[in-house]
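Report on one structure; see the data block that follows.
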Amino acid sequence: MQQQDEVGAGRKGLLAALILAQIAVLAFLVNAMLGRNPPSILQLVILLALAQLFRTLNDRIYLPTLATRGDAVVLRVYGSAFRPLLTCTIWAALAYLTWLQFGAKVAVVGALVLVGIGLQTRIKLWRATGGLLRWRDIQLMDSLLAFVSQAEGEARRGELAAARELQDRAANHPAVRKYPKVLHSIAMQRAAWALGQGDHALAERQFTAAAEYLRKHPDRSALGEALLGLGNLYLAQERYAEARASMTEAIEVAGGKMYRLNRVRIEYNLAVICVQTDDTEAALSHALEARTLSRQWGASTVLGNACDLLAGLAAEAGRPAEADTYLAEAAEAYRQDDAGPHVWIRHHLARATVFTLTGDEVRALDAYLLMIRLLSEVRAGWGWRDAQAHLTRVMGEQELTAVRLAHERYDRGDDSAVDFLAEVMDLSSRTALRQVLRGGIAADDRADDIQPDLVRLLGEIASYEDAISGHQTGRPVAEQPDDLKQKGIVSLAAYERLESLVSIRFRRMFQGTAPQASGAPAGRVPPGSHLLQARLFDDDGSVVITGIWTSPDGVRVPYLHTATDRQASIIRDFIVQAPGRPATDDVEGGAGESVDDAAGALPTAFRAQTGTWKASRHYRRLVTPKWDQWSELAALLLPPGLLTVLGRSDPDGDVPHLLIVPDPMLWRVPWAVLAVRNDGTDRFLADHAILSYLPSLALLDDTAPDGEQQSHGPAAAYLSGVNRGGIRIEQEALTSAYGDAVEFLPTPEALLSVLRDCGTRSPLRLLAVTVHGNGSPGLAHALKLTGGTELSAARMLALRFPPLLLINACLSAELDQRQGTDPLGIPTVALCRGAETVLGGLFPLPDGTAANPEYSHATATILSHLYGLLSAGVPPSIALRRAQRRWRESRPEAPPVLWAGLVALGVDSRIPAGTSGGS
């Protein structure tokens, strides 16, 4: 919070300096007036330029300061009274000196021009706000509306996070809140963004409210715009009759007052509706009318849209030359309008569709690849939240069409299709995580308009996570007092805004930089390792898995599998939001009773802040005694060639290293228990390979050094809140493995102190944290350090971590599951803030005793084996595999829920080719 005060003081200092400069100019003018000694023409020109420069700089410094909370009253008085008075006085003094220098005629003409400009501005603002402004509010309102306009420009370029930030600064100002028409205009802007993000409920609510207001306070052009927005919403929802009615009404009510651009858009949208309703003749008529009006009124982007639609109609009618002509006209129109990436995505999709219809598959794939490259750029620009997920979902059908086309050519022997598929997988697997988080973008102290809010939000989050202890009652979170629940809701909003601000800062720093080269990343994978990239598509209810397997010698093998009904049922039970869908007796096709019998021998406690885990389908999949589901899942998720390689490996000898990069939808799948063989106790993927997981290909670009052992050197452990018997087992194992080199941290404050000092004192090599975890998304992902203190991924942005981090907590390996978003969570933040390998829980980890004594303290016992192996210098991925297999030796029928929850994330470059991973 002190840093926030410093940044705020610096901005206010600049504002104060600017005010003093304005006063100095005014003093010079007053002195000239009193002495009746007018300045020269050059001096007058300089003073005029200075007056305008001060006004511009004033806006740049004063308006961002509105986002801070300090001295709000002082800033309000300055903005509403002192600043307009100072500006008007300077201009009046300049007018008087002009009269002295040039005479009354020139002064009167100049004054009339200025008055005319002022009246024009006042009329413009009256139309925009729906009311008359006081003279002192005109300058401020003009600047605030400029912010709204700038926000629209940012949104047009795909920078929705930055657009929302700009708009918030204007919308939250008291001067704006006085004028409902401005607020409804802002609401319509937000509704258009919400429509682009897939939030149809918000879009409909805001468009409807704006239309109702504008019907009562007539503004025909604005009402037409609101009705057009509703029509766009209905079109997106495939409510074509309502869309047509809304757009027709917009034309009727707006009439000649309708904005020309809206009129052209309506004509184009009517053409789209006709295409969707198979009225080709009407679609052609509307598209041609939209093309004519666009040319007449200079609406280049809509002209391109209309030409793309006409190209598709021509291709369907068997006129390829005409289609090519329309596509060329569309491209030229977009270039003239300097169209953003969203527009070019649609254009390249139109090109791909036309080329597919005309049988030119090579050009179709080229167009699809350009579309997917731009789609990847837009995902990065839209921030880290729902906008990306919606965009990926909307365009997923088109991407799958492209992937299927490439696979068809690959199956026909076209090796160039492999390059296409590899780049598509790379673009979906590579994110900006390394640059964003490792670069400390959220934690640095650069002075910009983002930093005060970043620091404030980090401070609020830390305060919230520490202050829970003030309400500590020893009861579960669900039973905490209402004020704490409300505080949690506010805090979740803070986590989401923090992600937006970090995204904005990243885009500012890396805008225009060359993207990472795509293609096969085999050269960056540890020697001898296999790389598997996998992605899930939902194709109208069908589950499709596509991926690339890259062998150690760099050969890339693409695969595409469509799930059977049973496979789809199995995988959906894992990919739904943790802890899973409610269980029913049909988990194994009527095997509910046998599932319950198996679960009866298991521990009843878990290292998780969730009470619904045992009632979920996810849990029941992991405890079922029927093993054939794992064979079916392996056949869906793994390519046949890789299954053959893995099946030939000797679990007790040398096994390959497999680096898995699943998309967020596939992250919760228990890859370790995929059945490579259908018989024997060593049937699982964890038996036939050393497994490492990677959230993003970007993390391959900065792998750990080969020479240094991660686990050697000082170690520390923080063990709190879980089963006491399990803690005792871990303490004894750590002491036995590390002796005096391990420090047991007694309090959360001690743990946080170590993480703040990591790298500045004696280098810590290993940290083990055994606590409860939760499955909150993104930067809200948190660990419960005590009954009253939490440590979230957001708070970790300002910390540093040792090379090996063991987070022995439920769901500690959880990531944001929304497809298309950066896979944020505790492990990815740790990997980007110093850790080279993170071990965490993929699902709730069993804790405590069980009805079957062999199954008691499963997690703690596996960890006790793991600590000994790590202290002996065994690489973490190998050590985890050996520890799990050692625990299973005397428990061959133990269900996966007991042993498969711990996973290793990161690239361990010390794993040699042909690694001996056996027990």
Any side-chain heavy-atom pair from F744 and L734 closer than 4.5 angstrom?
-> yes
How close do A768 and L766 get, heavy atom to heavy atom, and via which atoms?
-> N-CD2, 4.1 Å
Set of residues satisfying side-chain contact (heavy atoms from CB on, under 4.5 Å) with respect to A860, sequence neighbours excluded = R607, I729, E730, H857
Checking S864 side chain against T861 main chain: does a donor-acceptor pair fall under 3.5 Å?
-> yes
Within a strict 4.5 Å, meaning less than it, do heavy atoms of the P876 and L870 side chains meet?
-> yes
Which heavy atom in T789 sits nearest to a heavy atom in P748, and how many Å separate them?
-> CG2-CB, 4.1 Å
Whether H772 side chain and L783 backbone form a donor-acceptor pair below 3.5 Å | no
Between D426 and Q533, does any side-chain donor sit less than 3.5 Å from a side-chain acceptor?
-> yes
Evaluate the ring planes of H618 and F843, with Trp represented by its six-membered ring, and classify them as parallel (under 30°), tilted (30 to 60°) or perpendicular (over 60°).
-> perpendicular
Close side-chain approach of D663 to L536, heavy-atom, < 4.5 Å | yes
Close side-chain approach of L531 to W549, heavy-atom, < 4.5 Å | no
Is any side-chain heavy atom of L532 less than 4.5 Å from a side-chain heavy atom of L658?
-> yes
Of all heavy-atom pairs linking C810 and P844, the shortest is SG-CA, 3.2 Å
Kindly determine whether N808 and V769 satisfy side chain to side chain contact (heavy atoms under 4.5 Å, CB included), including the steps that lead there.
-> CA-CA 6 Å; N808 310 316; V769 180; over 6 Å; no
Measure across R800 and G834 and return the closest heavy-atom pair with its distance rounded to 0.1 Å.
-> NH2-CA, 3.9 Å
Please name all residues satisfying side-chain contact (heavy atoms from CB on, under 4.5 Å) with I727, sequence neighbours left out, ordered by chain then number.
-> L719, V722, Q731
Using modelled atom types only, decide if a donor and an acceptor are shared between the side chain of E790 and the backbone of A782 within a distance under 3.5 Å.
-> no
Counterpart residues, side-chain contact (heavy atoms from CB on, under 4.5 Å), relative to L842 (two or more places apart) | W667, V903
Heavy-atom side-chain contact between P695 and L815 under 4.5 Å | yes
Would you call R373-E423 a salt bridge at under 4.0 Å N-O?
-> yes
With no hydrogens and no angle check, is any side-chain donor or acceptor of Y718 less than 3.5 Å from a backbone partner on L785?
-> yes
Yes or no on side chain to side chain donor-acceptor pair (under 3.5 Å) for S692 and H657, after CA distance, side-chain angles and deciding distance?
-> CA-CA 8 Å; S692 299; H657 175 226; 2.9 Å; yes
Minimum side-chain heavy-atom gap V907-L694 below 4.5 Å | yes
Derivation of the side chain to side chain donor-acceptor pair (under 3.5 Å) call for S720 and T786 | CA-CA 7 Å; S720 174; T786 65; over 6 Å; no
For L767, the option from L804, I807, L806, L755 that meets side-chain contact (heavy atoms from CB on, under 4.5 Å) | L755
What heavy-atom pair brings L799 and R833 nearest, and what distance separates the two atoms?
-> O-NE, 3.2 Å
Given the rule in the side chain to side chain contact (heavy atoms under 4.5 Å, CB included) test, do L764 and F801 qualify, once you have shown the distances and angles that lead to the verdict?
-> CA-CA 8 Å; L764 189 68; F801 296 90; over 6 Å; no
Verdict with supporting geometry, F606 and L845, side chain to side chain contact (heavy atoms under 4.5 Å, CB included) | CA-CA 5 Å; F606 297 88; L845 303 176; 6.0 Å; no
Between I660 and L691, is any pair of side-chain heavy atoms under 4.5 Å apart?
-> yes
Take E814 and I826, measure what side chain to side chain contact (heavy atoms under 4.5 Å, CB included) needs, and give me the verdict at the end.
-> CA-CA 8 Å; E814 179 74 15; I826 286 173; over 6 Å; no
Without swapping roles, check the side chain of W671 against the backbone of L666 for a donor-acceptor pair under 3.5 Å.
-> yes
What is the minimum heavy-atom distance between G841 and S812, and which atoms define it?
-> N-OG, 2.7 Å
